Amino acid sequence: MATMESLIGLVNRIQRACTALGDYGGGDQAFSSLWDALPSVAVVGGQSSGKSSVLESIVGRDFLPRGSGIVTRRPLVLQLQKTEDGQQEYAEFGHLPRRRFADFSLVRKEIQDETDRITGKTKQISPVPIHLSIYSPNVVNLTLIDLPGLTKVAVEGQPESIVQDIENMVRTYVEVQGWKPNCIILAISPANQDIATSDAIKLAREVDPSGERTFGVLTKLDLMDKGTNALDVLEGRSYRLQHPWVGIVNRSQAEINKNVDMIAARRKEREYFATSPDYGHLASKMGSEYLAKLLSRHLESVIKARIPSITSLINKSIDELESEMDHLGRPIAVDAGAQLYTILELCRAFDKIFKEHLDGGRPGGDRIYGVFDNQLPAALRKLPFDRHLSVQNVRKIVSEADGYQPHLIAPEQGYRRLIEGSLNYFRGPAEASVDAVHFVLKELVRKSIAECQELKRFPTLQSTIAGAANESLERFREESKKTVVRLVDMESSYLTVDFFRRLPQEVEKTGNPGGNPRETPPAGANIDRYAEGHFRRIGSNVSSYVTMISETLRNSIPKAVVYCQVKEAKQNLLNYFYTQIGKREGKQLADLLDEDPALMERRLQCAKRLELYKKARDEIDSVSWAR
Ligand code: GDP
Ligand code: MG
């Protein structure tokens with residue numbers, strides 16, 4: 001109805017917010033309780049004072065049983081539920097779920113029948129409430145409670161206790177009860193009775209001494225004795241309340257019997273006040289329509305007072321969700337170009353971390369130096385030259401190289417074979433260095449992927465990058481191996497002639513400066529080519545030469561390894577991958593950005609919730625700014 005429209009907007013927005021939050025808020029009591037926090041309105045008054053009639057005019061529908069005597073004998077908890085515009089109006093009872101009443105006269109009949117079902121056809125009352133929901137585009141979400149009228153005496157067929165029973169029952173609805181938001185009291189008094197005897201005012205004064213939630217309603221102004229008026233009451237002189245008194249003229253029993261409809265009744269009421277000699281000056285503040293407006297304005301302020309706490313709760317949830325979303329990462333783009341861009345960005349993020357590991361800043365790169373500084377020299381030291389250059393072995397190799405004709409001056413072939421044989425041993429440590437660095441690099445790739453926050457959500461891309469990086473490392477390793485083996489082979493293929501040129505004279509005159517002094521024979525001694533000393537000297541010469549080469553390789557192998565593996569890894573680790581990825585189609589790109597399903601689900605939920613919270617916030621914002 002027109003008077004309720006501003007409240008409809010307000011409550012609707014809040015309800016939309018609530019529904020949005022309630023649907024996904026799960027156990028979030030803070031949100032679902034918002035709906036419960038909307039105030040309810042209870043109608044209190046003496047029997048036949050016009051309670052049901054007032055309630056009906058607020059709702060704007062005829063559906064309640066009305067009449068003389070005790071008609072309302074059970075509390076009626078009436079939940080008005082706003083539906084989408086254009087929807088058919090209907091009512092549903094709590095005791096008859098799924099049965100829709102579109103005819104409101106049948107609603108009235110069902111209220112009567114259901115009352116009788118509990119109380120019998122007697123004039124008994126029952127505290128068991130009837131729950132009725134009205135679904136309509138024209139109502140606000142609001143709970144209204146029609147209560148049995150307060151009486152003074154039990155009538156025929158009623159137990160003596162009925163007077164007290166009714167009062168107790170009414171009290172349970174209007175008294176302040178712990179967590180429940182305070183109920184608004186519509187205190188109905190008929191104008192044709194002395195206000196001093198009003199049961200409604202008596203009870204309201206007890207449960208709401210300050211009068212802040214009591215609305216005084218004076219009905220039956222049209223039934224007052226000629227020559228009297230209710231101005232003392234309506235102008236607040238008889239009994240003062242915080243809210244103004246409202247006078248009402250409802251339909252008489254005769255009009256109800258004649259089926260005078262709500263619209264006609266309203267018109268008649270307006271005319272009554274407009275033409276009344278007593279109330280003409282109050283006309284704009286009298287009548288059911290004004291009462292509805294007053295009530296709705298009050299409800300608005302009560303509801304609005306709750307908004308700040310709701311808003312702050314919503315904002316807090318939004319903050320929390322947004323930080324979780326940041327952690328989860330934003331959803332991925334759908335077009336191929338953007339996906340390619342995302343993939344390249346992610347590769348770069350990984351590559352950056354990998355480089356930091358190599359260059360320092362992150363640990364691990366130092367282990368490569370460890371290979372050069374410890375592992376390689378240790379391996380070189382452990383090479384079995386003692387065994388290879390033992391007197392027996394030297395003799396054996398030199399003799400074999402000589403063949404049937406022993407060497408005359410120096411065993412040229414023997415030297416070469418001994419040196420070649422020795423140099424071959426260097427392949428092992430050279431290749432081992434390559435492998436050791438390879439494993440360090442591989443481990444750094446693994447670490448870098450694990451440390452790359454941006455990559456976390458993309459397990460497929462993670463393993464693809466790892467695969468591509470490891471493939472590259474494998475290629476670098478092959479190249480590096482070839483290179484270090486070549487370094488060794490180069491040493492075998494051309495010996496340092498100077499070393500040997502100086503050797504014979506030095507051996508025979510001054511001794512071998514590179515060899516062990518103990519093995520140096522006295523100067524000028526005759527050389528017996530077949531004596532042990534001769535072979536020892538050869539072994540010692542070769543050993544000196546090998547030591548020199550070992551020194552050279554100890555320096556050149558790291559250079560080769562860094563050149564072939566480390567530098568390559570730093571500059572070209574993903575280059576091959578980049579050339580491949582450029583050729584991929586949209587679908588293949590999307591596959592690479594396949595996320596962990598659990599994570600995707602979580603993000604979806606978060607995003608949904610976030611959207612709802614934001615919607616709720618917008619709804620509530622627009623409420624705060626309304627009017
Ligand atoms: P309740 O028992 O308090 O719920 O009162 P009802 O709404 O059932 O009304 C009791 C009787 O008083 C009915 O016959 C109504 O038609 C009549 N009535 C209520 N208000 C007015 C009024 O303002 N003027 C007239 N003439 N009759 C009224
Ligand atoms: Mg009633």
Side-chain angles (χ1 to χ4, degrees), residues 1 4 40-83 87-140 142-149 166 169 173 186 188 217 219-220 248-266 268-269 288 291-292:
M1 291 268 102
M4 289 291 207
S40 59
V41 178
V43 190
V44 175
Q47 194 173 299
S48 290
S49 55
K51 298 180 296 301
S52 299
S53 302
V54 167
L55 207 51
E56 272 190 338
S57 33
I58 290 172
V59 178
R61 280 312 235 135
D62 300 294
F63 62 95
L64 292 174
R66 289 147 311 176
S68 55
I70 182 163
V71 179
T72 308
R73 286 180 290 126
R74 286 174 63 184
L76 178 79
V77 176
L78 181 65
Q79 275 179 318
L80 304 181
Q81 309 218 15
K82 160 96 176 152
T83 53
Q87 296 263 310
Q88 156 102 58
E89 264 183 330
Y90 67 93
E92 218 173 64
F93 284 95
H95 63 273
L96 290 174
R98 284 182 297 281
R99 184 167 156 205
R100 295 185 170 190
F101 289 76
D103 180 347
F104 280 77
S105 60
L106 291 180
V107 172
R108 178 179 307 146
K109 184 166 181 313
E110 180 58 34
I111 293 174
Q112 277 160 349
D113 293 352
E114 174 58 18
T115 302
D116 291 346
R117 242 167 254 148
I118 296 280
T119 60
K121 283 245 179 236
T122 59
K123 299 266 173 335
Q124 306 269 13
I125 60 150
S126 161
V128 181
I130 297 174
H131 282 277
L132 175 64
S133 297
I134 294 183
Y135 298 87
S136 163
N138 307 318
V139 298
V140 291
L142 196 64
T143 304
L144 298 170
I145 303 159
D146 193 15
L147 291 164
I166 294 179
M169 186 203 302
Y173 283 90
L186 279 189
I188 316 285
V217 179
T219 56
K220 305 195 183 181
I248 295 274
V249 177
N250 282 320
R251 281 166 290 187
S252 65
Q253 189 59 45
E255 287 165 325
I256 290 171
N257 295 346
K258 276 190 284 178
N259 283 327
V260 171
D261 69 19
M262 184 74 71
I263 296 182
R266 285 270 166 85
K268 203 189 140 214
E269 187 185 35
S288 332
L291 175 63

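Bear in mind the structure is a predicted one, so any value in this text is a computation, not a measurement. As a basis for the values below, the full set of heavy atoms in this structure was taken, side chains included, without hydrogen atoms, waters or symmetry mates.
- Here the shortest heavy-atom pairing between V260 and A265 reads CG1-N, 4.2 Å.
- Applying the side chain to side chain donor-acceptor pair (under 3.5 Å) test to E89 and every residue at least two apart in sequence or in another chain returns R61, S136.
- Heavy-atom neighbours of R117 CZ from other residues, nucleotides or ligands within 6.0 Å: above the threshold of 12.
- Looking at heavy atoms from C-beta onward, R100 lies out of side-chain contact with Q88 at the 4.5 angstrom threshold.
- For I166 against P148, the heavy-atom pair with the smallest separation is CG2-O, 3.9 Å.
- A 4.5 Å side-chain heavy-atom check between R266 and S57 finds at least one atom pair inside the cut-off.
- For S105, the side chain to side chain donor-acceptor pair (under 3.5 Å) test picks out D103, with sequence neighbours left out.
- Counting only heavy atoms from C-beta outward, the side chains of V41 and L186 approach each other to under 4.5 Å.
- The ring-ring contact (aromatic ring centres under 6.0 Å, His included) contacts involving residues 119-139 comprise Y90-Y135, where partners must be two or more places apart or lie in separate chains.
- At a threshold of 4.5 Å between non-hydrogen side-chain atoms, the residues K51 and T72 do not count as touching.
- For the residue pair P129 and Y173, the shortest heavy atom distance occurs at CB-OH, 3.6 Å.
- With rounding to the nearest 0.5 angstrom, the CD atom of E56 is 7.5 Å from the CD1 atom of I256.
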Acceptor/donor pairs from residues 42-49 side chains to any protein atom, 3.5 angstrom cut, sequence neighbours excluded:
residue: S48; atom: OG; partner: G69; partner atom: N; Å: 3.4
residue: S49; atom: OG; partner: G46; partner atom: O; Å: 2.7

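- With sequence neighbours excluded, no residue forms a side chain to side chain donor-acceptor pair (under 3.5 Å) with N250.
- The CD atom of E110 sits 5.0 Å away from atom CZ of F93, with the distance rounded to the nearest 0.5 Å.
- In this structure, CZ on R108 lies 12.0 Å from CG on L132, to the nearest 0.5 angstrom.
- Remark: E114 CD to R74 CZ distance equals 4.5 Å, nearest 0.5 Å.
- Considering CG of D62 and CG of D261, their distance stands at 7.5 Å, rounded to 0.5 Å.
- Between the E92 side chain and the S133 main chain, no donor and acceptor come within less than 3.5 Å of each other.
- Residues forming a side chain to side chain donor-acceptor pair (under 3.5 Å) with D116 (at least two apart in sequence, or on another chain): R73, K121.
- Taking CD1 of I188 as the start and CG of L55 as the end, the distance is 8.5 Å to the nearest 0.5 Å.
- Across every non-hydrogen atom of S126 and P75, the tightest pair is O-CD, 3.2 Å.
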